[in-house]
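One-based numbering along the sequence shown.
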Amino acid sequence: MATRAGVPTESTIREWDDADPSGQTYRRVLFVDSDLTEVENRGAVFEECTFRGVRFNASTHTDAAFVNCTFVRCSLFDTTFTRCKFVGSFFDQCAHSLMKVSGGDWSFTGLPGADLKGTEFTGVKLREADLTGVRAPKAVLRDLDLSGAMLQKADFSGADLRGSDLSTLDPLTVTLKGARIDVTQAMVVATALGLDVRP
């Protein structure tokens, strides 16, 4: 494996072999069909890495960073991310069932068309994220910073959106049937519909 100052770079890792990524830094590494099932990752840094067909099932990631990374056909079933950084990363055809995200910065992340049904995002920064066409029925999407986020054609049916920034949401282009929102958000949505809200 090529290294630069002890940091793996521009390599392909096909077998993870139960390696512990905690505290490690990887730059421009291609992970193909690697198995990270039930891995406990604390503080690992992945920069400009690509994950193809990687299984993250039931793994936990705390204070880790995945910056400008690409995830293709990865399985994130029951994966937990706590205070992680995903700035500039992109997800393509990934499975997110039961994924839980608490805190962290996912600004400029691309999740277009992602199936987020039943996932939980709480207290996450998603500024200018691409959430176009996401399917998030019954998801928990609470206290999110969605300023500048692209939300066109998103399905939030039955989702819990309380406390999230809905300033860029166009209620005419998204599905909100049964979604839970708070009073402040209700005023934002009503104003977006052209209603004259008065006390």
Side-chain angles (χ1 to χ4, degrees), residues 1 8 11-107 109-126 129-131 134-144 154-161 164:
M1 179 183 299
S11 301
T12 299
I13 296 179
R14 295 184 181 276
E15 296 296 335
W16 193 258
D17 293 331
D18 298 321
D20 183 0
S22 296
Q24 302 297 315
T25 296
Y26 301 85
R27 294 192 181 99
R28 301 184 66 186
V29 177
L30 170 61
F31 297 86
V32 179
D33 298 328
S34 301
D35 189 357
L36 296 181
T37 299
E38 297 184 349
V39 161
E40 294 185 11
N41 164 24
R42 289 185 173 274
V45 176
F46 299 88
E47 298 178 352
E48 298 182 25
C49 293
T50 298
F51 301 85
R52 292 182 183 168
V54 175
R55 297 177 296 283
F56 290 91
N57 303 330
S59 60
T60 60
H61 305 265
T62 306
D63 298 318
F66 297 82
V67 179
N68 294 322
C69 292
T70 301
F71 299 80
V72 182
R73 295 186 301 278
C74 294
S75 177
L76 297 123
F77 175 78
D78 198 25
T79 304
T80 300
F81 297 101
T82 304
R83 299 185 303 276
C84 292
K85 184 177 182 180
F86 276 81
V87 175
S89 289
F90 186 85
F91 293 82
D92 181 19
Q93 302 180 61
C94 295
H96 302 273
S97 301
L98 300 181
M99 186 175 76
K100 300 177 184 65
V101 182
S102 177
D105 191 349
W106 289 53
S107 297
T109 298
L111 286 156
D115 185 354
L116 301 179
K117 180 179 180 181
T119 59
E120 295 182 14
F121 283 75
T122 55
V124 182
K125 184 183 294 183
L126 281 155
D130 184 357
L131 302 176
V134 297
R135 303 182 303 281
K138 298 183 180 180
V140 175
L141 306 171
R142 297 202 59 176
D143 302 314
L144 306 183
D155 181 0
F156 296 125
S157 303
D160 187 348
L161 299 169
S164 294

Does some side-chain heavy atom of [Y] sit less than 4.5 Å from a side-chain heavy atom of [X]?
X: Thr70; Y: Asp92; answer: no
X: Glu47; Y: Asn68; answer: no
X: Leu76; Y: Phe81; answer: yes
X: Phe51; Y: Cys94; answer: no
X: Phe90; Y: Pro112; answer: yes
X: Asn41; Y: Phe46; answer: yes
X: Phe56; Y: Val39; answer: no

Measure the [atom1]-[atom2] distance between [X] and [Y] for me, rounded to the nearest 0.5 Å.
X: Cys74; Y: Asn57; atom1: SG; atom2: CG; answer: 10.0 Å
X: Thr50; Y: Arg28; atom1: OG1; atom2: CZ; answer: 9.5 Å
X: Ser59; Y: Met99; atom1: OG; atom2: CE; answer: 10.5 Å
X: Leu111; Y: Phe71; atom1: CG; atom2: CZ; answer: 10.0 Å
X: Asp115; Y: Gln93; atom1: CG; atom2: CD; answer: 12.5 Å
X: Arg42; Y: His61; atom1: CZ; atom2: NE2; answer: 12.0 Å

Worksheet entry | Glu120 bridged to Lys100 by N-O distance under 4.0 Å |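 Salt bridge flag = no for Lys100 with Glu120.
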Worksheet item: When you check the gap from the basic side-chain N to the acidic O, do Arg135 and Asp155 get nearer than 4.0 Å?
Response: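 No, this pair does not count.
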What are the two closest non-hydrogen atoms of [X] and [Y], and how far apart are they?
X: Ser89; Y: Phe66; result: OG-O, 2.7 Å
X: Cys84; Y: Asp63; result: SG-N, 4.1 Å
X: Thr119; Y: Leu116; result: OG1-O, 2.7 Å
X: Ala44; Y: Pro21; result: CB-O, 3.1 Å

Item to complete: Only one of Thr109, Val101, Asp105, Asp143 passes side chain to side chain contact (heavy atoms under 4.5 Å, CB included) with Val124; say which it is.
Response: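 In the set Thr109, Val101, Asp105, Asp143, the residue that makes a side chain to side chain contact (heavy atoms under 4.5 Å, CB included) with Val124 is Val101.
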Fill in: Parallel, tilted or perpendicular: ring planes of Phe31 versus Tyr26, cut at 30 and 60 degrees
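Correct class here is perpendicular.
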Discussion item. Are more than 12 heavy atoms, taken from residues, nucleotides or ligands other than Arg52, located less than 6.0 Å from that residue's CZ atom?
Written reply: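 Open.
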Worksheet item: Between Ser164 and Leu141, is there a donor-acceptor pair closer than 3.5 Å when you use the side chain of the first and the backbone of the second?
Response: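 Yes.
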Worksheet item: For Gly118, does its backbone N or O pair with a side-chain atom of Ser97 as donor and acceptor, under 3.5 Å?
Response: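 Between the backbone of Gly118 and the side chain of Ser97 there is no qualifying donor-acceptor contact (under 3.5 Å).
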Practice prompt. Quick one: do Thr62 and Arg83 satisfy side chain to side chain contact (heavy atoms under 4.5 Å, CB included)? Show the steps, please.
Written response: CA-CA 6 Å; Thr62 306; Arg83 299 185 303 276; 3.4 Å; yes
